[in-house]
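Below is one structure; the comments refer to it alone.
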Amino acid sequence: QVQLVESGGGLVQPGGSLRLSCAASGSIFSINAMGWYRQAPGKQREFVATIIRGGSTNYADSVKGRFTISRDNAKNTVYLQMDSLKPEDTAVYYCKYYGGPPGYEYHVWGQGTQVTVSS
């Protein structure tokens, strides 16, 4: 019942910045957490960052100090500000929703947006 639409991906040079957006719509009962994951070619999808209901954030070690996750509750939108981008950040980035009534929580994934960091 919840749908996620991602935007903001693109091509950027090393050291550059991008901001990804993920807008949730539909029957949003409760957002327990929103997060970002990424998947590079030939690799497993990996955790990047999450923001939980109370506003606490968590980051993968590889992006700490460079990426910032935030949200606009009024818009049901989560953002990922990516600074000091490196070629190793190149991947498809997926937004994830986790929420619902207690005992009935579920995950929803966004469609993915390509981020390419290259000279």
Side-chain angles (χ1 to χ4, degrees):
Q1 292 183 310
V2 174
Q3 296 84 43
L4 304 177
V5 178
E6 300 180 31
S7 62
L11 174 65
V12 65
Q13 293 187 339
S17 298
L18 285 173
R19 189 178 77 157
L20 307 183
S21 299
C22 176
S25 62
S27 300
I28 303 172
F29 177 82
S30 178
I31 300 175
N32 292 343
M34 296 285 288
W36 291 95
Y37 294 72
R38 66 188 183 187
Q39 187 167 20
K43 292 195 172 186
Q44 293 282 317
R45 189 172 299 184
E46 66 176 349
F47 165 79
V48 175
T50 58
I51 183 165
I52 66 173
R53 184 175 177 178
S56 297
T57 58
N58 195 20
Y59 298 91
D61 288 341
S62 59
V63 306
K64 285 181 179 177
R66 300 189 298 118
F67 291 11
T68 303
I69 188 170
S70 62
R71 67 188 180 196
D72 184 336
N73 291 332
K75 295 182 178 180
N76 287 322
T77 299
V78 64
Y79 306 94
L80 185 68
Q81 178 67 43
M82 304 184 293
D83 298 318
S84 301
L85 283 162
K86 305 175 181 179
E88 64 199 57
D89 296 318
T90 296
V92 177
Y93 283 70
Y94 296 92
C95 176
K96 189 183 80 170
Y97 161 97
Y98 179 70
Y104 300 91
E105 301 92 344
Y106 62 96
H107 303 266
V108 176
W109 291 94
Q111 81 280 7
T113 184
Q114 177 70 48
V115 172
T116 302
V117 185
S118 176
S119 298

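We use all heavy atoms of the structure for the numbers below, so side chains are in, but hydrogens, waters and symmetry mates are not. Owing to the predicted nature of the structure, the values given are computational and were not obtained by experimental measurement.
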Identify whether NZ of Lys or CZ of Arg in Arg19 sits under 6.0 Å from the centre of the six-membered ring of Tyr79 and within 45° of that ring's axis. yes
Could you list the cluster mates of Tyr104? Members are the ILVMFWY residues connected by side-chain heavy atoms closer than 4.5 Å, either directly or through other members.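 Result for Tyr104 is none, singleton.
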Compare every heavy atom of [Y] with every heavy atom of [X], then report the nearest pair and how far apart it is.
{"X": "Lys64", "Y": "Tyr59", "result": "CE-O, 3.3 Å"}
{"X": "Tyr106", "Y": "Ser27", "result": "OH-O, 4.0 Å"}
{"X": "Asp83", "Y": "Ser17", "result": "OD1-OG, 2.8 Å"}
{"X": "Thr77", "Y": "Ser21", "result": "CG2-CB, 4.4 Å"}

Could you check whether any side-chain heavy atom of Cys95 comes within less than 4.5 Å of a side-chain heavy atom of Trp36, counting everything from C-beta outward?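 Side-chain contact under 4.5 Å: yes.
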How long is the span from the [atom1] atom in [X] to the [atom2] atom in [Y], to the nearest 0.5 Å?
{"X": "Ile69", "Y": "Leu20", "atom1": "CD1", "atom2": "CG", "value": "10.0 Å"}
{"X": "Leu80", "Y": "Met34", "atom1": "CG", "atom2": "CE", "value": "11.5 Å"}
{"X": "Leu18", "Y": "Gln81", "atom1": "CG", "atom2": "CD", "value": "8.5 Å"}
{"X": "Arg53", "Y": "Ile51", "atom1": "CZ", "atom2": "CD1", "value": "13.5 Å"}
{"X": "Ile52", "Y": "Ile31", "atom1": "CD1", "atom2": "CD1", "value": "13.0 Å"}

Quick note, salt bridge (Lys or Arg N to Asp or Glu O under 4.0 Å) partners involving residues 28-38, not counting sequence neighbours, are Arg38-Glu46, Arg38-Asp89
Examine distances only and state if a side-chain atom of [X] and a backbone atom of [Y] form a donor-acceptor pair shorter than 3.5 Å.
{"X": "Gln111", "Y": "Glu6", "answer": "yes"}
{"X": "Thr90", "Y": "Val117", "answer": "yes"}
{"X": "Arg45", "Y": "Val92", "answer": "no"}

Which one of Tyr97, Tyr94, Phe47 satisfies the ring pair (Phe, Tyr, Trp, His ring centres under 6.0 Å) criterion with Tyr37?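 Among Tyr97, Tyr94, Phe47, the one meeting ring pair (Phe, Tyr, Trp, His ring centres under 6.0 Å) with Tyr37 is Phe47.
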